[in-house]
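All heavy atoms count here, side chains included; hydrogens, waters and symmetry mates do not. As the structure is a computational prediction, the values presented were derived from the model and not from experiment.
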Amino acid sequence: MRKLLRWVLGLLLLSMVLSIAAVLLMRWWPPPTSAFMLEARLGALAAGDADFHLHHSWVDRDRISANVQLAVIASEDQKFPFHHGFDFGAIQDAVREQEEGVRSRGASTISQQTAMNLFLWNGHSYVRKGLEAWFTVLLELLWPKARILTVYLNSAQFGPDVYGVEAASRLYFHKHAAALTRAEAAQLAAVLPNPLKLHAERPSAYVIGRRQWILGQMRDLGDTSYLKNL
C-alpha cells in the first residue's frame, strides 16, 4: 500500500509539473491545436470521414479586430478583466435558476472556457470540473488577461469544424479577423453558446436578435476603450 501510495503521489506530482510547464510555455508559444480540435479530428478518423477538413488559423491579438474582442467579452463574460477566473455571482445565479427549474444561462468565464478548449474533453463529470478549475487557476496565475483572450479567440468554436476567429472570419465574411466590423463581430459572438446549431453565415432570427443585444452591450461597456482594462 505504501508503494502504491508513493506511486500515485509521484504520478500526481508529475502531472502537476507537466501541466504547469505546458501552460507556461503557451504564454509565449501559440498552441498549434486544442483538445477539442483533436477530439474532432479523432472522431472524423474513427468515422472514416475522408472529406473532413478542420478550419483553423492562428493570429496574434494585434491581427484581431478590437470589435470582436469586445463583442466576445460582451457576450460571454463582461467581468472578464476584473475577476480571477471565476464569476461567483454568476455561479450563484446559475445554481438558483437550476433549483427553480429555469434553464441555466451558464456561468463559465472566458478563462474557464479557454481551459476547457485547450486541455479537456466534452462531457460532464466531477473529474472534468476539477481539472477545469485547476487549469483555470494556472491560466490566471501564469498568463495576462490579454493572452487568455487571444488564445480563447483562436480556439473557440464558431461552427462545425471551424475553430478560431480568423478561420471563421475568412469562411463567413471573406476577410481577415482584423477587418471585422462591429456587426460582423457581434454576429460571430452570437453563435458561441451553440456553434453547432447557430449559424453566423445564415443567421436565424434568434442570432440576429442576439447580435443586436450584443451590440447594445458593447455600447454600454464603453466600446473598444473597455479593452484598456486588460
Side-chain angles (χ1 to χ4, degrees), residues 19 22-40 54-87 90 106-122 128 131-159 161-169 172 176-178 180 184-196 198 200 214 217-218 221 224 226-227 229-230:
S19 63
V23 171
L24 189 59
L25 181 63
M26 290 181 193
R27 173 170 177 161
W28 297 281
W29 178 57
T33 187
S34 70
F36 276 29
M37 284 185 257
L38 285 174
E39 188 175 355
L54 190 145
H55 302 271
H56 176 252
S57 181
W58 173 275
V59 284
D60 291 328
R61 187 181 176 218
D62 59 5
R63 294 170 56 199
I64 300 174
S65 168
N67 291 322
V68 75
Q69 296 180 49
L70 181 63
V72 166
I73 292 175
S75 169
E76 298 294 294
D77 183 7
Q78 295 186 12
K79 297 179 182 178
F80 174 65
F82 311 111
H83 62 60
H84 298 292
F86 306 94
D87 185 345
S108 292
T109 64
I110 286 175
S111 302
Q112 289 174 272
Q113 292 180 54
T114 304
M116 288 188 288
N117 291 342
L118 279 183
F119 301 109
L120 303 177
W121 60 92
N122 278 305
R128 185 179 181 277
L131 290 172
E132 175 192 314
W134 166 249
F135 280 109
T136 299
V137 169
L138 289 185
L139 294 183
E140 287 283 339
L141 285 175
L142 300 177
W143 293 3
K145 287 287 189 176
R147 181 60 176 176
I148 296 174
L149 180 61
T150 300
V151 174
Y152 176 71
L153 288 169
N154 278 283
S155 60
Q157 187 174 8
F158 289 92
D161 307 324
V162 181
Y163 295 84
V165 67
E166 176 70 7
S169 181
Y172 302 142
H176 291 290
L180 286 169
E184 290 165 345
Q187 192 157 309
L188 283 180
V191 307
L192 285 172
N194 195 337
L196 297 181
L198 305 177
I214 292 171
Q217 295 299 301
M218 291 167 69
L221 290 177
T224 55
Y226 184 83
L227 298 175
N229 293 308
L230 298 180

| request: Output the distance between atom CD (Gln112) and atom CG (Leu139), rounded to the nearest 0.5 Å. | output: 10.5 Å
| query | Which atom pair, heavy atoms only, marks the closest approach of Thr224 to Ala66? | reply | CG2-CB, 3.7 Å
| request: Nearest 0.5 Å please: distance from the CE atom of Met37 over to the CD atom of Gln157. | output: 9.5 Å
| query | Side-chain contact, heavy-atom cut-off 4.5 Å: Leu138 with Ser19? | reply | yes
| Result of checking Ile110, Asn229, Leu149 against Pro81 for side chain to side chain contact (heavy atoms under 4.5 Å, CB included) | Asn229
| Side-chain heavy atoms of Tyr163 within contact of Phe158, under 4.5 Å | no
| With side chains defined as the heavy atoms from C-beta onward, is the minimum distance between Gln217 and Ser75 less than 4.5 Å? | no
| remark: For Trp121 and Leu131, the nearest pair of non-hydrogen atoms, with its separation, is CH2-CD1, 3.7 Å
| said: Please check this pair: side chain of Trp143 against backbone of Trp28, looking for a donor-acceptor N/O pair closer than 3.5 Å. | reply: no
| Main-chain N/O of Arg147 paired with Arg27 side-chain donor or acceptor, under 3.5 Å | no
| request: Would you give the length of the straight line joining atom NE2 of His56 to atom OG of Ser155, rounded to the nearest 0.5 angstrom? | output: 7.0 Å
| query | Between His83 and Asp77, is any side-chain donor less than 3.5 angstrom from a side-chain acceptor? | reply | yes
| request: Nearest 0.5 Å please: distance from the NE2 atom of His84 over to the NZ atom of Lys79. | output: 13.0 Å
| query | Under 3.5 Å, side chain of Gln78 to main-chain N/O of Ala74, donor-acceptor pair present? | reply | yes
| field | Thr109 side chain reached by Tyr152 side chain, heavy atoms, under 4.5 Å | value | no
| request: Working to the nearest 0.5 Å, report the span between CZ of Phe82 and CG of Asp87. | output: 12.0 Å
| request: List for me each residue that meets side chain to side chain donor-acceptor pair (under 3.5 Å) alongside Thr33, sequence neighbours excluded, and say none if there are none. | output: none
| Can you find a heavy atom in the side chain of Pro195 that is under 4.5 Å from one in the side chain of Val162? | no
| Closest approach of Ile214 and Ala71, non-hydrogen atoms and distance? | CG2-O, 3.8 Å
| said: Using side-chain heavy atoms (C-beta onward) and a distance below 4.5 Å, is Asn154 in contact with Ile64? | reply: yes
| Check: Ala200 main-chain N/O paired with Gln187 side-chain donor or acceptor under 3.5 Å | yes
| request: Report the relative orientation of the aromatic rings in Phe135 and Phe119; use parallel for angles under 30°, tilted for 30 to 60°, perpendicular for over 60°. | output: parallel
| task | Ignoring hydrogens and angles, tell me if any N or O in the side chain of Lys145 forms a donor-acceptor pair with the backbone of Phe80 under 3.5 Å. | result | yes
| field | Derivation and outcome, side-chain contact (heavy atoms from CB on, under 4.5 Å), residues Trp58 and Thr150 | value | CA-CA 10 Å; Trp58 173 275; Thr150 300; 4.0 Å; yes
| task | Under the side-chain contact (heavy atoms from CB on, under 4.5 Å) rule, what do Val68 and Leu70 come out as? Steps first, then yes or no, please. | result | CA-CA 5 Å; Val68 75; Leu70 181 63; over 6 Å; no
| message | Let me confirm one number: the CD-CG distance from Glu132 to Leu120, rounded to the nearest 0.5 Å. | response | 7.0 Å
| task | Report yes if the side chains of Val59 and Leu153 come closer than 4.5 Å at any heavy-atom pair, otherwise no. | result | no
| Modelled atom types, side-chain donor and acceptor of Ser111 and Glu140, under 3.5 Å | yes
| remark: Closest non-hydrogen atoms of Ala190 and Leu198, given as atom of the first, atom of the second and distance, are O-CD1, 3.7 Å
| task | Return the set of residues passing side chain to side chain donor-acceptor pair (under 3.5 Å) with Ser169 (not counting sequence neighbours), or none when no residue passes. | result | none
| request: Give the intermediate values and the outcome of side-chain contact (heavy atoms from CB on, under 4.5 Å) for residues Thr136 and Thr114. | output: CA-CA 8 Å; Thr136 299; Thr114 304; over 6 Å; no
| task | Under the side-chain contact (heavy atoms from CB on, under 4.5 Å) rule, what do Met26 and Val151 come out as? Steps first, then yes or no, please. | result | CA-CA 9 Å; Met26 290 181 193; Val151 174; over 6 Å; no
| request: Please report the shortest heavy-atom distance between Asn67 and Met218, naming the atom on each side. | output: O-CE, 3.5 Å
| Can you name the nearest heavy-atom pair linking Leu54 to Ala40, along with the distance? | CD1-CB, 4.3 Å
| Any sub-3.5 Å donor-acceptor pair from Glu76's side-chain atoms to Ile73's backbone N or O? | no
